[in-house]
Amino acid sequence: MIRTGLLKQGEKLVEKDLCLELGISRTPLREAYRLLSSEGLIDLVAHKGAYVARPSMREIRDMFEVMAILEGTCARLAAERMTDPDFKKVEKLHQRLEKHFEDEDHEKYLDVNHKYHTLIQEMTGNKAFNDVINTLRQKILLYRYRQLYQPDRFEASMNEHRELLNAFRRRDPVQAEELMRRHLMNQCEALRRVYENEFETTDKQVSLGGST
């Protein structure tokens, strides 16, 4: 509900309404709150309740900058260590991305995209990377979802993946790292436009509401 925008940034979560809608009691809902809070998707405010997180663009950019460095390093190590069977796995996922892009199916594209990035991470063979990246990856998934719906971003993402595939095919670690970093920061730039528009709209609504 947060990912699709059904629950808006800054919106207070009403336990009674969510329990009824989801058909659960308050105990599992509060456990979900705890997990969502640890992932940075909601804010738990003492004596006030839970609210959908409204991170600043600076906070979002900070996450993407770190993830760009980490995923770029993963791409470099994967290109260095990738076997022919490994590349076949990457190529197979890429083909699925192409299919979902052709079908204009954002949801399936994003699902395969997550598997693609996770595979590249696993190909490093570095457990420390997995431990560090996995938590941040969960936080960043929401923002990856939202940026893909921006004008021209879907096509740009597919083109970036095509370039990445070619770098992996050549086993070019330097190019793979640079392309992966750029891929992440392009996502961040698309998000910046989303959030600037949303924050501007929300601030205007708050201003108008306060003046009545």
Side-chain angles (χ1 to χ4, degrees), residues 2-3 35-43 53-83 85-94 96-97 100 106 109-150 153-154 156-195:
I2 294 172
R3 182 168 63 89
L35 293 172
L36 289 170
S37 176
S38 71
E39 294 175 4
L41 296 181
I42 69 171
D43 294 323
R54 189 188 180 191
S56 68
M57 192 58 225
R58 178 69 260 177
E59 292 170 319
I60 293 171
R61 185 173 183 83
D62 286 348
M63 284 192 287
F64 270 90
E65 286 178 347
V66 173
M67 200 63 169
I69 293 170
L70 293 173
E71 290 215 44
T73 303
C74 284
R76 173 172 56 80
L77 293 175
E80 291 173 348
R81 302 171 182 178
M82 189 178 293
T83 63
D86 287 337
F87 177 73
K88 290 295 183 183
K89 293 179 183 178
V90 174
E91 193 173 39
K92 185 175 180 179
L93 284 177
H94 179 88
R96 291 172 63 188
L97 287 175
H100 299 321
H106 293 70
Y109 181 94
L110 283 160
D111 179 60
V112 174
N113 183 66
H114 176 63
K115 293 175 182 176
Y116 181 100
H117 283 266
T118 301
L119 176 63
I120 299 304
Q121 172 188 328
E122 291 172 350
M123 283 182 180
T124 67
N126 189 315
K127 185 179 181 301
F129 260 123
N130 289 334
D131 293 341
V132 171
I133 292 176
N134 284 340
T135 299
L136 186 55
R137 187 183 299 284
Q138 289 303 313
K139 291 183 179 181
I140 215 168
L141 276 177
L142 171 65
Y143 308 114
R144 274 184 161 159
Y145 173 91
R146 302 196 70 189
Q147 59 82 30
L148 195 66
Y149 283 87
Q150 295 310 295
R153 182 59 203 148
F154 199 2
S157 177
M158 191 68 253
N159 286 332
E160 289 160 14
H161 273 282
R162 289 166 183 153
E163 292 178 341
L164 267 170
L165 184 69
N166 287 331
F168 288 134
R169 180 179 286 113
R170 298 191 307 270
R171 306 296 196 271
D172 185 337
V174 175
Q175 187 70 359
E177 180 174 19
E178 171 59 27
L179 288 170
M180 185 65 85
R181 287 193 183 193
R182 192 185 310 162
H183 179 55
L184 269 289
M185 295 315 297
N186 285 344
Q187 293 176 2
C188 185
E189 175 59 23
L191 269 172
R192 182 187 62 77
R193 295 191 294 270
V194 177
Y195 276 72

*Asks:* Are Asn186 and Gln147 close enough that some pair of their side-chain heavy atoms sits under 4.5 Å apart?
*Replies:* no
*Asks:* Could you measure the distance from the CG atom of Leu93 to the NE2 atom of His161? Nearest 0.5 Å is fine.
*Replies:* 10.0 Å
*Asks:* Could you grab the distance from atom CZ of Phe129 to atom CG of Asn134, nearest 0.5 Å is fine?
*Replies:* 12.0 Å
*Asks:* Residues in salt bridge (charged side-chain N to carboxylate O under 4.0 Å, His left out) with Arg169, at least two apart?
*Replies:* Glu91
*Asks:* Quick one: sort the His117 and His183 rings into parallel, tilted or perpendicular, breaks at 30° and 60°.
*Replies:* parallel
*Asks:* Would you say Ser157's side chain and Phe154's backbone share a donor-acceptor pair under 3.5 angstrom?
*Replies:* no
*Asks:* Establish, from distance only, whether the side-chain atoms of Asn130 and Glu122 form a donor-acceptor pair under 3.5 Å.
*Replies:* no
*Asks:* Do Arg153 and Glu189 sit within salt-bridge range, that is, some charged N less than 4.0 Å from a carboxylate O?
*Replies:* no
*Asks:* Would you call Tyr109 and Arg96 a side-chain contact if the rule is heavy atoms closer than 4.5 Å?
*Replies:* no
*Asks:* Would you say the side-chain atoms of Arg171 pair up with the backbone N or O of Ala79, donor to acceptor, closer than 3.5 Å?
*Replies:* no
*Asks:* Looking only at the aromatic ring of each residue, does the gap between the centers of Phe168 and His94 stay below 6.0 angstrom?
*Replies:* no
*Asks:* Less than 3.5 Å apart, which donor and acceptor atoms pair up between the side chains of residues 172-180 and the rest of the protein, not counting sequence neighbours?
*Replies:*
residue	atom	partner	partner atom	Å
Asp172	OD1	Val174	N	3.3
Asp172	OD1	Gln175	N	3.1
Glu177	OE1	Arg76	NE	3.2
Glu177	OE2	Arg181	NH2	3.2
Glu178	OE2	Arg182	NH2	3.4

*Asks:* If you apply the rule side-chain contact (heavy atoms from CB on, under 4.5 Å), what do you find for Gln187 with Leu191, and how did you get there?
*Replies:* CA-CA 6 Å; Gln187 293 176 2; Leu191 269 172; 5.7 Å; no
*Asks:* Can you pull the salt bridge (charged side-chain N to carboxylate O under 4.0 Å, His left out) pairs that have at least one residue in residues 109-119, sequence neighbours excluded?
*Replies:* Asp111-Lys115
